[in-house]
Amino acid sequence: METIIRTIDYDNMDLEIIKQAAKIIKDGGIVAFPTETVYGLGANALNEKSVEKIYNAKGRPSDNPLIVHISSNKELYSLVESVKLKAQMLMDLFWPGPLTLIFPKSNLIPDTITAGLSTVAIRMPDNKIARELIKYSGVPIAAPSANISGRPSPTNASHVIKDLNGKVDMILDGGEVKVGLESTVLDVTGDIPTILRPGGITREMLEEAIGEVLIDPAIISDKELLSTPMSPGMKYKHYAPKAQVIIVEGEINKVIKKIKSLAEEKQKQNIRVGIMATEQTKNNYKTGFILSVGDRNKPETIAAKLFDCLRAFDEEGVEIILSESFSYEKIGFAIMNRLKKAAGHNILKV
Ligand code: AMP
Ligand code: MG
């Protein structure tokens, strides 16, 4: 398939390009587009055949449900059975934004989207290109991240092109995304809302708004995942570069020392080593392919660069990535969640 690739200027949007993409969605095709979290691969959420195309293009397991994207609150009500007060409060506060809410689904939502679950995940993205695309399509858009299943999520169009060129109808290039990690997924169907996937909207932010919020134990566990996590997507290997990732965790000077000695040891064995460091620490290393993922004091810079760095190591043909660990504070919790998954929970404590 020939993929149409169009660049679109965020601040001066060419509506003709949006309309072209929207027509493809209406006609049953699939389009990759930017959101503020990562790039998504979208299809008409109400058309089962179109949604199947997403699973095929990504090689996504059919039991991993998709998030449905809307462009205004009023589009929500026909897609869900009910909206609790706490959910309404969160929508008012955080939408549009990187918060996905789980609701009991209505009959309009096909089973392909929810992988047979009676609930549906819904979000309103805070990216004008995404919202205009949904608006002009006239339908909700089901969209997982626009990467081959298991690979790091795409944070710019070149990542999408690398994974999906020739497999999708269109790619909208809207530049680098803002957040760089996927949305927080929050189950609001029970009495106490539960985080199923950490993201840019943190537990603290949610608790300030609605009181107690739980975290799915599968997220906190350092081990490989429970057999039946509440969010089916959690059980799959995710965000993984081709290289093996090892996280070295502990006091930062000890971490640097350990990474240096490991890098030298691997180099002697002719293994191509990559080191994921930060602005503060990168100059300590001499051996291997060294990348700074961002500023330790500004975790949002690390979130924005994490997936791009993991992909850059692959481009370089690195076989082992030795990564420093980062603070768990605020968005750090989501950063460490993705990094641990990328590492298959391979963590060395020093
Ligand atoms: P992705 O769109 O690739 O970022 O993945 C969507 C995430 O949302 C996956 O982890 C899914 O398991 C999760 N998800 C989607 N729908 C539901 C649902 N109805 N209940 C629980 N988790 C869901
Ligand atoms: Mg994904």
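Just so you know, ligand 1 is whichever comes first in the structure, and atom 1 is the first atom listed for that ligand. The residues of the chain are indexed from 1 along the displayed sequence. Since the structure is predicted, the reported quantities are computational estimates derived from the model, not experimental observations.
Ionic pairing of E249 and K340 is not present here: no N-O contact between side-chain nitrogen and carboxylate oxygen is shorter than 4.0 angstrom. Under 4.0 Å is where a charged nitrogen must lie from a carboxylate oxygen, and between R311 and D308 no such pair does. Between K162 and E315 a salt bridge is recorded (basic side-chain N to carboxylate O distance below 4.0 Å). Ion pair E207/R203 flagged as a salt bridge, since at least one NZ, NE, NH1 or NH2 atom sits closer than 4.0 Å to an Asp/Glu carboxylate oxygen. Between K330 and E300 there is no salt bridge, since none of the side-chain N atoms of the basic residue sits less than 4.0 Å from a carboxylate O of the acidic one. Between K53 and D169, none of the side-chain N atoms (NZ, or NE/NH1/NH2) sits under 4.0 Å from a carboxylate O, so this pair counts as no salt bridge.
Within the structure, ligand 1 lacks T114 among the residues with a heavy atom less than 4.0 angstrom away.
Residue-ligand proximity, A121 to ligand 1, at heavy-atom distances under 4.0 Å covers atoms 15 (C), 16 (N), 17 (C). Near T119, meaning under 4.0 Å from any of its heavy atoms, are these atoms of ligand 1: 18 (C), 19 (N), 20 (N). Near N64, meaning under 4.0 Å from any of its heavy atoms, are these atoms of ligand 1: 9 (C), 11 (C), 12 (O).
In plain terms, the two heavy atoms of N64 and Y55 that are nearest each other are O-OH, 3.1 Å.
Under 4.0 Å from ligand 1, the heavy atoms of L117 that appear belong solely to its side chain. In L196, the part holding a heavy atom less than 4.0 Å from any atom of ligand 1 is the side chain. Residue-level proximity to ligand 1 for R197 is carried by the side chain, the only part with a heavy atom below 4.0 angstrom. When heavy-atom distances to ligand 1 are checked against a 4.0 Å cut-off, T100 has no atom that comes that close, whether in backbone or side chain. Looking at R60 against ligand 1, only its side chain comes within 4.0 Å, counting heavy atoms.
The closest side-chain heavy-atom distance from T35 to R123 is below 4.5 Å.
The ring pair (Phe, Tyr, Trp, His ring centres under 6.0 Å) pairs that include a residue from residues 240-290 are F289-F313, where partners are two or more places apart or lie in different chains.
Protein N/O/S atoms nearer than 2.8 Å to the Mg ion (ligand 2) total 1.
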N/O donor to acceptor pairs below 3.5 angstrom from side-chain atoms of residues 90-101, sequence neighbours left out:
residue : atom : partner : partner atom : Å
D92     : OD1  : Q88     : NE2          : 3.4
W95     : NE1  : L99     : O            : 2.8
T100    : OG1  : S183    : OG           : 2.7

Show me, pair by pair, the donor-acceptor contacts under 3.5 angstrom made by side chains of residues 263-271, not counting sequence neighbours?
none

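For atom 15 (C) of ligand 1, the choice among G40, G199, P65 with the nearest heavy atom turns out to be P65.
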